[in-house]
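Worksheet: one structure, shown below.
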Amino acid sequence: MQPRRTLRQLFAAAFAVAAMYPGVAVQQELQLDHRMNEHIEQVPAGPQGRAMLETTVFQPNGPGPFPLIIINHGKDPGRPNLQPRDRFYHMATAFVKRGYAVMVPMRQGFANSTGRYRDFGCDMKANGYIQAEDILSTLAYARKQPWVDGNHIVIAGQSYGGLATIAAGTKDLPGVRGLINFAGGLRDDSDRCAWRSALVTAFADYGTKAKLPTLWMYGENDSLFGPELAQRMHAAFEGAGGRGKLVEFPAFKRDSHGMLASRDGEKVWLNDTMAFLQQIGMPTKVIHDVPPPPTPARTDYAKVDDVEAVPFLSENGRRAYQEYLGKMTPRAFAVSPSGAWTWAEEGEDPDGRALATCTAKSTEPCRLYSVDDYVVWTGDLDQAAEAAVTASRTPAPKVDAENSVPTTSIGSNKATN
């Protein structure tokens, strides 16, 4: 069976790392954002509530009760328990601004949730239903919390989470007014698995029992569920009795399947989502100010495209920085006097990821050199002069020509995703 890809895998190649050995995750565990009262709760699920779902919660200030959105994650390739905690930070921020509480449950067997991951292979209908059980458990838990407005709830999901969200819509969902499906589906490239047809069949089944209005959003350049398949799935759902508006948006960056994880994705999903929420009686007005996370200050050390100004790099490192200049924003480039370097692109907190990964394998502390399209380095010319000496002793990193993922500059092992 081939790995089932979701938005994190699509960004994994963009989280390029030097100064790194296999076993050091590219995506470092992110710090809780206390500006949005981010915290982790354990949600009981499974038989007799014995499993505990690691659930990220964001809330506005105050006791509530708040309207609620539950956002459901996809599946990365590999073992589910090695999948990092999802938080859908950019989407969560937009909802907290509008007075919502946000819950992002990791389903059974994923990340630090207990319980067992359950898989029905190519039976997409069964896969959706089994994952939906944890969504139902999350909803039941949420409605008991004093900070939740139990009559104003919406459920959303991305990729596998989108499939599970639509499957959950076949059940009675008290207090839930609508469902949002962002690029929902599941891919299985194993032998004799006609997964596209299986998805169409699954959504047709869900449509026969659908109880709530839905919004579907799929991008033109989605590498997993392209326009033709999205139309087939939606037509099967509506043809069987489901209610759902399909929004097909233009190509987004390299792959629209990762749109929801991008800082720039809000420009794509926000207007249609707010229109849908208004139709189902959910709030849409911004009522809280959530300032963006602090970013390093711009300096006058050099122009961002002045490759020769970057300290501590070997010649191959400079070529890597030149490559970095062609990457998407948000992005960050970190360097160390030991000659280590790292760049991170897209997703959440690229500057934090770049620093953490660089520092993990550098013999000296790493510092950010560039963020987005400007330089943040505060070094002086003496440091730059020292770089020439350091670089001459630094093993040159290699670049994977197929995936454009730099390998380690401290050895020859390939960076992992």
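Positions are given from 1, in the same order as the sequence printed here. Keep in mind that this is a model prediction, so the values were computed, not measured.
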Using atom types as modelled, flag every donor-acceptor pair under 3.5 Å from a side chain in residues 101-108 to any protein atom, sequence neighbours excluded.
from: Arg107; atom 1: NE; to: Gln131; atom 2: OE1; distance (Å): 2.5
from: Arg107; atom 1: NH1; to: His73; atom 2: O; distance (Å): 3.0
from: Arg107; atom 1: NH2; to: His73; atom 2: O; distance (Å): 3.1
from: Gln108; atom 1: NE2; to: Asp134; atom 2: OD1; distance (Å): 2.9

message: Ignoring hydrogens, what is the shortest heavy-atom contact between Pro44 and Tyr141? Give both atom names and the distance.
response: CD-CD1, 3.7 Å
query: Does Tyr129 reach the main-chain N or O of Met124 with its side chain, forming a donor-acceptor pair under 3.5 Å?
result: no
query: Is the centre of the Phe95 ring less than 6.0 Å from the centre of the Phe58 ring?
result: no
message: Donor-acceptor check, side chain of Gln59 to backbone of Trp147, threshold 3.5 angstrom: yes or no?
response: no
message: In this structure, is the centre-to-centre distance between the rings of Phe333 and Tyr324 below 6.0 Å?
response: yes
query: Does Cys358 offer a backbone N or O that forms a donor-acceptor pair with the side chain of Ser362 under 3.5 Å?
result: no
- request: Using modelled atom types only, decide if a donor and an acceptor are shared between the side chain of Ser256 and the backbone of Phe252 within a distance under 3.5 Å.
  value: no
- prompt: Any side-chain donor paired with an acceptor under 3.5 Å for Arg353 and Thr342?
  reply: no
query: Hey, is Asp372 close enough to Lys327 for a salt bridge, meaning N to O under 4.0 Å?
result: no
query: Do Asp205 and Lys209 have side chains that get closer than 4.5 Å, going by heavy atoms?
result: yes
message: Just by distance, no angles: are the side chains of Asp255 and Ser223 close enough, under 3.5 Å, to form a donor-acceptor pair?
response: yes
Note: Glu133-Arg118 ion pair, threshold 4.0 Å (strictly below): yes
message: Under a 3.5 Å distance rule, please check whether Lys75 uses its side chain to pair with a backbone N or O of Gly78 as donor and acceptor.
response: yes
field: Exam field: side chain Asn127 to backbone Gly121, donor-acceptor pair closer than 3.5 Å
entry: yes
- prompt: Is there side-chain contact between Lys245 and His234, with heavy atoms separated by less than 4.5 Å?
  reply: no
Could you tabulate the donor-acceptor pairs under 3.5 Å formed by side-chain atoms of residues 267-276, not counting sequence neighbours?
from: Thr273; atom 1: OG1; to: Trp269; atom 2: O; distance (Å): 2.7

- prompt: Within the distance-only criterion (no hydrogens, no angle test), does the side chain of Gln83 pair as donor or acceptor with the backbone N or O of Phe110 below 3.5 angstrom?
  reply: no
field: Arg87 with Glu348: basic N within carboxylate O range, under 4.0 Å
entry: yes
Pairwise side-chain contact, Thr378 with Arg367, heavy-atom cut-off 4.5 Å (strictly under): yes
message: Measuring only between side-chain heavy atoms, which start at C-beta, is Phe312 closer than 4.5 Å to Trp341?
response: no
- prompt: Does CD belonging to Gln278 count more than 12 external heavy atoms closer than 6.0 Å?
  reply: no
message: Under a plain distance cut-off of 3.5 Å, with no hydrogens placed, do Tyr160 and Asn72 share a side-chain donor-acceptor pair?
response: no
message: Over 60° means perpendicular and under 30° means parallel, so tell me whether Trp377 and Tyr369 are parallel, tilted or perpendicular.
response: tilted
- request: For residues Ala183 and Asp222, report the shortest heavy-atom separation together with the two atoms involved.
  value: CB-OD2, 3.5 Å
query: Within 45° of the ring axis of Phe225 and under 6.0 Å from its six-membered ring centre, is that where the NZ or CZ of Arg187 lies?
result: no
query: Just by modelled atom types, is the Pro174 backbone N or O under 3.5 Å from a matching donor or acceptor in the Arg143 side chain?
result: yes
query: Does a donor on one side chain sit under 3.5 Å from an acceptor on the other, for Tyr117 and Asn81?
result: no
field: Donor-acceptor pair, side chain of Ser338 and main chain of Ser336, under 3.5 angstrom
entry: no
message: Is it true that Ser262 and His90 share a donor-acceptor pair across their side chains at a distance under 3.5 Å?
response: no
task: Would you please classify the geometry between the Phe203 ring and the Trp216 ring as parallel, tilted or perpendicular, with 30° and 60° separating the classes?
output: tilted
Under 3.5 Å: donor-acceptor pair, side chain of Arg98, backbone of Thr284: yes
task: Answer yes when Glu38 and Arg85 have at least one side-chain N-carboxylate O distance shorter than 4.0 Å, and no when they do not.
output: yes
query: Are Glu345 and Arg254 within salt-bridge range, i.e. N to O under 4.0 Å?
result: yes
